[in-house]
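Nothing here was measured: the structure is a model prediction, and the numbers come from that model. Letters A, B, ... are given to chains in the order of the sequence lines, protein chains preceding strands, and every chain is numbered from 1.
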There are 2 protein chains.
Amino acid sequence: MSELRLEDIAKRAGVSRSTVSRVINNQPNVSEKARQRVLEVIKLTGFSPNAAARTLVSQRSNTIGLVLPHSVSTFFTDPYYPHLIKGITQACNQYDFTLALFVAGSKEYQEKLLPRLSSKGFLDGVILQSGHQADQSIILELSKTNLPMLVAGRPLYDDEVCFIDIDNIAASEKAVRHLINCGRKKIVIITGPLTSTVGLDRLSGYRNAMDSSSLKYNDNSIIESDFTEQGGYNAMQKLISSKPDAVFAASDMMAIGAIRFIRDAGLNVPKDIAVVGFDDLPIPMVNELQLTTIRQPVVQFGFKAVETLIELIENDLPIIKRVLMDTELIIRKSCGFESG
Amino acid sequence: MSELRLEDIAKRAGVSRSTVSRVINNQPNVSEKARQRVLEVIKLTGFSPNAAARTLVSQRSNTIGLVLPHSVSTFFTDPYYPHLIKGITQACNQYDFTLALFVAGSKEYQEKLLPRLSSKGFLDGVILQSGHQADQSIILELSKTNLPMLVAGRPLYDDEVCFIDIDNIAASEKAVRHLINCGRKKIVIITGPLTSTVGLDRLSGYRNAMDSSSLKYNDNSIIESDFTEQGGYNAMQKLISSKPDAVFAASDMMAIGAIRFIRDAGLNVPKDIAVVGFDDLPIPMVNELQLTTIRQPVVQFGFKAVETLIELIENDLPIIKRVLMDTELIIRKSCGFESG
DNA sequence: ACGAAATCTGTGAGCGCTCTAAGATAACCA
DNA sequence: TGGTTATCTTAGAGCGCTCACAGATTTCGT
């Protein structure tokens, strides 16, 4: 069907182009009679207006981009991203936006991406998943284009850019404080990469909690790792010498690895060493191990990111927006907490 | 920057609009001098042409859609999809296409999707991930719009639609035949949902292999399951009564579940029961268990899907294309195969 | 040196829509 | 019934680009 234009519908309905346009866009100043006639013809012909023409004249495409820079190499393994996308698509559906997905598989491709992203008349705005120092340049380049942009995750240098993040500092503070409340004193941490704000912030939270309870920790209490299971295992191996009674892992995968090592070492979780993770993504293991963890509202995060970006788009003058989302401590058994 | 139009670049470079257009589109008939001057101005101003205007006049958006219908409820948990998307985005990058992602979170939203997908001037074509009977209607509706469409996965009724799939029948035939070659005789199968072609085809392959070796099987040799680990566990529980010496699970997750049950039952893999799975996605467990399995080329599959769709797009008259991709048997230990 | 062929450049139309401003019609009150 | 307002409709311009075609310039053979 449809090599149809507005003009054709107009002719068939015996009205003019603009009347049809008004009907399609739900605008007033159309008589009920005309509206009905037009709607009928539209239904009959299965007409739907040309998106490019609309975009051209209205300067709005109702499309937003999600950019996963090269630093996000875990896209293909980490269940975080599908959930993020779930939230984003849900919001797009609700607000009648379309999502364009850009996965920068390599550094070179990332270069090629920029003109495409910033070419007018294609995207109304962009969500850039980041929080890694490697993405500094792409953030900068994109800011220069005046394209509304929201960074999902806190950028390392966050002046002038809008971002949405979960409150990682408060979250890990909450996690560590919980261990303290459970009576643990020698608490160590397995951090994520300290080249990313996620890694840094979760460490800050640990420090805050320890400091405010006057608990001691030193360089041997902190091992940097990489969010993987094996990384957690290896980190725990290093941490064990300081004889901790609790470990806070900055991701569930690392917590799982840590638990594996603790057990391999013949110790008991939580009796000898309490464990708290971070994420609470639906990995079967998390449930099986009864892991106490911080629940990230990933889906809601994606949703809120879109809502925030839309605000940015609809505001004519550029504004700086920062959103921090709360997390929830999910208490299971690995922290050794006994209620009552 | 850039409220810039072609016209402005032309003025600054001292040439006309069309010359600039020619330069941008790498067309001939531009003197080297003019070309250099234009390129310089473009670089200087950071100009990039308006995508909507281009699309409007050229009737090409260089954007394709990936539609995940509601039936794909496992999008958020199955590592298959990220890998599929990887292949798709790689191809999009290579061929200078952009990917628009449509995830139908609900049946109702799926309705709302159709006009958006089929509106002219937005998508050049669509890849619909399917193979489930529930998607029959959306496939039909989309075909009607004349939008080039490729189904990724074999549709249940496949007349008139283009599709790309892996050769599931040949693959599972190969898997089962391998078990036969290993000397197994009482081979049972855990299938996927028989409402999908994946489920049906992998069962067909099993039958083919069994029949051609004149091995017996009956209703008790075949249990329908749902591709999940727990589903595999439950299915194996039912199958155990027929005292099989091998089981072919139509997915790795189910194979893992089956192995868990077999061990719970005090039996040994592969000594008592050999196991072959299907997928070979990089799930840590697959390696740990040394699972013999069929490797799906998921990334290449996504890549090839895009290439095929582009062919469809570039062919003026509609053609029917069918692509079947080969798989590879990955022999590890769970099948009890001893070489030499 | 001059015309023909080859190469380059610019003009104008038009892709299909939205939106403004002006014109037509209907509704209303005195 | 006539004039005024409120409601509806339409014509026209223009969003920023591509492409066909005509016009200008260069190249080349003789």
Main-chain N/O of B:I42 paired with B:R12 side-chain donor or acceptor, under 3.5 Å: no
Check: B:S118 side chain, B:L114 main-chain N or O, donor-acceptor pair, under 3.5 Å: yes
So which nucleotide from [options] ends up closest to the side chain of [X]?
X	options	answer
B:R22	D:dT10, D:dA20, D:dC17	D:dA20
B:S16	C:dT11, D:dC17, D:dA11	C:dT11
B:N25	C:dG10, D:dT9, D:dT18	D:dT18
B:L56	D:dT9, C:dC8, C:dG16	C:dG16

Approximate separation, where rounding is to 0.5 Å, of B:K120 NZ and B:T145 OG1: 6.5 Å
Value rounded to 0.5 Å, distance of SG in A:C92 from CD1 in A:I64: 4.0 Å
[X] side chain N/O closer than 4.0 Å to the phosphate oxygens (OP1, OP2) of [N]?
X	N	result
B:N50	D:dC15	no
A:S21	C:dC19	no
B:T19	C:dG10	yes
B:Q27	D:dC19	yes
B:S31	C:dT7	no
A:Q59	C:dT18	no

Just the rounded figure in Å: distance from [atom2] of [N] to [atom1] of [X].
X	N	atom1	atom2	value
B:K11	D:dG16	NZ	C1'	14 Å
B:R17	C:dG12	CZ	C1'	8 Å
A:L6	C:dG16	CG	C1'	8 Å
B:I9	D:dG16	CD1	C1'	12 Å
A:R5	C:dG14	CZ	P	12 Å
B:K33	D:dT26	NZ	P	8 Å
B:I42	D:dC17	CD1	C1'	14 Å
A:E3	C:dC17	CD	P	12 Å

Base of D:dA11 paired with side chain of A:S18 (donor-acceptor, under 3.5 Å): yes
Salt bridge B:D8-B:R5, side-chain N to carboxylate O under 4.0 Å: yes
Sugar-phosphate only, base, or nothing, as touched by B:N29 at under 4.0 Å among non-hydrogen atoms: base
Sugar-phosphate only, base, or nothing, as touched by B:A52 at under 4.0 Å among non-hydrogen atoms: nothing
Of all pairs that satisfy salt bridge (Lys or Arg N to Asp or Glu O under 4.0 Å), the ones with a partner from residues 44-61 of chain B, not counting sequence neighbours: B:R60-B:D124, B:R60-B:E314
First encountered from the 5' end of DNA chain C, between B:R37 and B:V57: B:R37
